[in-house]
Amino acid sequence: MSDTPTKETHRFETEVTQLLDLMIHSLYSNKEIFLRELISNASDAADRLRFEATTDDALFEGDADLHVYIEVNEEARTISIRDNGIGMNHDEVIANIGTIASSGTRQFFDKLTGDSKNDAHLIGQFGVGFYSSFLIADHVTLVTRRAGLTHEHGVRWESTGDGNYTIETVDRAMRGTEITLHLREDADEFLQSYRLRTIINKYADHIPFPIRMSTTKTVENDSDADIENDGDEEKEATTVEAIETVNQASALWTRPKSELNDDDYINFYKHVGHDFEGPMQWIHQRLEGKYEYTLLLYLPKRAPFDLWQADGKHGVKLYVRRVFIMEASEDLLPKYLRFMRGVMDTNDLPLNVSREILQHSPAMEAMKKGATKRVLGMFESLAKKEDDSYHDFWKQFGNCMKEGIIDDFNNKDRLAGLLRFASAGHESSTDEQTVSLATYIARMAEGQDKVYYITAESLAAAKHSPHLEIFRKKGIEVLLMHDRIDEWLISHLHEFDGKSLQSIAKGELDLSAIGDKEDEEAHAEQDKAAEPIAEKIQKALADKVKSVRVTHRLTASPACLISDAMDMSINMERILKEAGQSTPDVKPILEINPEHVLITRIGALEDEKAVAEWAAVLFDQAVLAEGALPEDPAGFVRRINAMLAGT
């Protein structure tokens with residue numbers, strides 16, 4: 001019976017095949033990033049080994065000199081990238097190489113546009129990693145062994161990128177992973193060692209492990225035969241092979257800021273953020289006090305594709321004495337800052353720290369508090385700039401910042417100052433979310449003492465809501481809140497700078513102190529005259545509304561729906577129902593405009609059935625104005641058709 005290991009053939013997941021094809025075409029002009037990605041993976045493998053070895057020193061197998069070695073064979077037309085990191089076993093190779101382990105994969109492909117420049121950014125953001133090998137290679141071989149396993153548990157993986165790959169068990173004495181790239185005909189430039197050195201210096205100078213390459217050196221030796229030649233010594237030159245460390249091999253965040261330039265910071269961001277673009281901003285600080293730690297945190301220009309995935313990646317890594325520990329997510333920064341990228345390093349935690357220890361560590365709490373404070377300070381500085389920087393930031397991460405109002409009570413006031421909204425009713429109003437609460441308060445109308453807002457399903461629904469009519473007439477600005485999270489936001493934000501926030505679609509509305517004085521006597525007469533009409537409509541809609549009352553907030557619309565001050569808003573009720581959640585059975589209030597012809601028409605009707613039909617149309621119109629659908633759309637259409645036909 002043969003002991004020869006069986007070579008298995010597998011097909012890539014469909015998504016991998018798509019990514020390979022797309023990547024090769026979209027990133028064709030930026031092929032050099034293959035080396036950045038593979039070195040980054042090798043560095044991660046070394047990081048993981050160093051961490052696991054803190055509790056099991058035997059994993060080093062007598063070799064703790066962690067490094068990456070790159071070798072070029074011009075004759076064979078191959079490049080090999082070898083690390084002595086953690087390595088992989090058979091199942092890990094299949095999981096990490098044959099599949100894309102991300103629930104956001106589908107969303108990633110849905111975002112692709114067909115525009116190669118834009119798609120190149122998305123692919124880089126997704127993290128092409130190992131698959132970047134096929135940018136320059138038509139045949140890739142990977143040989144690996146996981147640290148701690150014996151030599152007969154090596155694994156060889158091979159593919160030509162055609163949709164299939166083979167995998168087999170092999171004998172491998174060395175732990176770690178070696179990737180051999182068999183270059184395409186158009187990739188000759190990467191067979192030049194100086195070209196690879198240039199790429200390493202550009203993208204990977206900050207990698208904290210040595211990146212080594214072989215080089216040739218000329219050594220001059222004394223010749224014994226020439227010593228007797230009247231003191232004229234001739235020397236023989238010998239060319240020898242030597243191993244050279246190409247990068248600085250020091251953790252960039254530990255170096256003084258005076259030694260670093262913008263390119264250093266940007267290239268390090270591209271490494272930790274797996275991004276083709278540079279960051280929008282960054283902060284690099286060493287903080288000393290009861291606890292000492294260093295942070296280097298980046299604000300990306302664009303939101304990660306998996307920002308709203310429950311299992312999305314968190315981009316801040318925790319190091320202890322320059323040893324990678326984990327991506328600590330909410331333990332390092334609040335969840336609403338999950339889009340930040342970078343590293344935090346401290347000497348005040350043990351190397352074998354667990355997540356349970358992190359959650360109860362005073363040092364971690366102090367680091368989280370300090371990092372959050374400085375990140376918010378960076379946002380505040382960005383907001384003060386006289387350009388579009390903060391607007392660009394808000395478009396990408398505004399909804400995350402709104403989460404902070406809900407989750408971060410200690411920083412709620414600072415976060416409230418960073419909020420931005422669209423608005424209506426003021427000469428400077430805009431559909432863009434650029435209006436801060438401070439700006440709103442600074443330009444409030446004379447006599448105004450509240451910040452008015454409206455929540456709606458969309459910007460159009462908010463902007464065209466009948467609730468705005470009286471505010472436009474009086475020139476009072478109203479904040480338009482049309483993101484889903486705004487309903488939760490406003491339930492946690494009741495005032496700003498001493499001014500209370502009030503929904504214009506909830507409770508009573510008193511604007512008598514603002515703008516032109518209203519004729520209260522005329523209003524009282526109108527109210528009295530319209531009371532019988534309100535009673536008629538109330539009787540017809542008894543099963544749909546809590547009450548019907550006369551209002552003067554409307555100038556063009558016949559009616560609108562509002563909620564009682566303490567009731568759930570109509571918009572929130574709609575959101576919860578769409579999510580399949582049950583809601584309290586709370587009826588809205590219907591307010592009618594006594595000056596509108598439709599209201600006076602209903603008042604003139606004597607037939608109860610006709611009143612019921614017209615009242616139903618009035619109610620359904622008010623529902624539509626809220627951005628929702630009538631409960632019985634077909635019935636609404638039938639009634640409208642009947643009225644148009646005059647029957």
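We number each residue from 1, following the sequence as shown.
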Strictly by modelled atom types, are [X] and [Y] linked by a side-chain donor-acceptor pair under 3.5 Å?
X	Y	value
Asn571	Ser569	no
Ser557	Glu469	yes
His552	Asp527	yes

*Could you go step by step and tell me if Lys270 and Glu277 meet the salt bridge (Lys or Arg N to Asp or Glu O under 4.0 Å) rule?*
CA-CA 7 Å; Lys270 290 179 178 179; Glu277 288 187 300; over 6 Å; no
Would you say [atom1] of [X] has more than 12 non-hydrogen atoms from neighbouring residues, nucleotides or ligands within 6.0 angstrom?
X	atom1	result
Glu631	CD	no
Arg638	CZ	yes
Lys544	NZ	yes
Glu495	CD	yes

Does a side-chain N-to-carboxylate-O contact under 4.0 Å join [X] and [Y]?
X	Y	value
Arg338	Glu403	yes
Glu457	Arg574	yes
Asp392	Lys301	no

Gap separating the [atom1] atom of [X] from the [atom2] atom of [Y], nearest 0.5 angstrom:
X	Y	atom1	atom2	value
Leu511	Ile504	CG	CD1	9.5 Å
Leu509	Thr551	CG	OG1	7.0 Å
Glu446	Met444	CD	CE	11.5 Å
Thr455	Ile490	OG1	CD1	8.5 Å
Thr439	His426	OG1	NE2	10.5 Å
Ile476	Lys450	CD1	NZ	11.0 Å

Main-chain N/O of [Y] paired with [X] side-chain donor or acceptor, under 3.5 Å:
X	Y	value
Thr372	Lys368	yes
Gln448	Ala445	yes
Lys587	Ala542	yes
Asp388	His391	no
Ser465	Ala462	no
Lys506	Met566	no
Gln526	Pro594	no

*Over all atoms of both residues, closest heavy-atom pair of Ala530 and Val550*: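 The answer is CB-CG2, 3.6 Å.
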Do the side chains of [Y] and [X] get nearer than 4.5 Å, heavy atoms only?
X	Y	answer
Met568	Leu576	yes
Ile470	Leu554	no
Phe636	Leu624	yes
Gln538	Ser547	yes

*Would you list the pairs meeting salt bridge (Lys or Arg N to Asp or Glu O under 4.0 Å) in which at least one residue belongs to residues 436-445, sequence neighbours left out?*
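Qualifying pairs: Arg443-Glu477.
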*Tell me the salt bridge (Lys or Arg N to Asp or Glu O under 4.0 Å) pairs involving residues 549-564, sequence neighbours left out?*
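Passing the test, one end in residues 549-564: Glu508-Arg549, Lys546-Asp564, Arg549-Glu591, Arg553-Glu591.
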_Single hit among Leu561, Val623, Ile562 for side-chain contact (heavy atoms from CB on, under 4.5 Å) with Pro588_ =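 With Pro588 as partner, side-chain contact (heavy atoms from CB on, under 4.5 Å) holds for just one option, Leu561.
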*With side-chain contact (heavy atoms from CB on, under 4.5 Å) as the test, would you mind laying out the steps for Arg420 and Val435 before giving the verdict?*
CA-CA 5 Å; Arg420 297 293 185 269; Val435 181; over 6 Å; no
*Any chance you could lay out the side-chain contact (heavy atoms from CB on, under 4.5 Å) test for Leu299 and Phe339, step after step, and finish with the verdict?*
CA-CA 7 Å; Leu299 171 61; Phe339 52 84; 3.7 Å; yes
*Please report the C-alpha distance between Tyr390 and Thr434 in whole Å, then the side-chain angles of each, then the deciding distance to 0.1 Å, and finally whether the side-chain contact (heavy atoms from CB on, under 4.5 Å) criterion is met.*
CA-CA 9 Å; Tyr390 192 77; Thr434 58; over 6 Å; no
*Got a sec, which pairs hit ring-ring contact (aromatic ring centres under 6.0 Å, His included) with one end in residues 454-484, sequence neighbours left out?*
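Counting only pairs at least two positions apart or across chains, the ring-ring contact (aromatic ring centres under 6.0 Å, His included) contacts touching residues 454-484 are Tyr452-Phe471.
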*If a pair satisfies ring-ring contact (aromatic ring centres under 6.0 Å, His included) and one of its residues is in residues 589-627, list it, with sequence neighbours excluded.*
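Qualifying pairs, neighbours excluded: none.
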*Hey, what's the ring geometry for Tyr265 with His284, parallel, tilted or perpendicular (30° and 60° as the breaks)?*
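Tyr265 vs His284 ring planes: perpendicular.
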*Just jot down the side-chain hydrogen bond (donor to acceptor under 3.5 Å, both in side chains) partners of Arg639, sequence neighbours excluded, or say none.*
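Arg639: no side-chain hydrogen bond (donor to acceptor under 3.5 Å, both in side chains) contacts found.
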_If you apply the rule salt bridge (Lys or Arg N to Asp or Glu O under 4.0 Å), what do you find for Lys463 with Asp431, and how did you get there?_
CA-CA 8 Å; Lys463 192 165 69 167; Asp431 291 351; 2.8 Å; yes
*Verify side-chain contact (heavy atoms from CB on, under 4.5 Å) between Ile537 and Ile592, making sure each step is shown before the conclusion.*
CA-CA 10 Å; Ile537 298 172; Ile592 59 172; 4.2 Å; yes
*Listed partners of Asp483 passing salt bridge (charged side-chain N to carboxylate O under 4.0 Å, His left out), at least two apart*: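 Asp483 satisfies salt bridge (charged side-chain N to carboxylate O under 4.0 Å, His left out) with Lys402 only.
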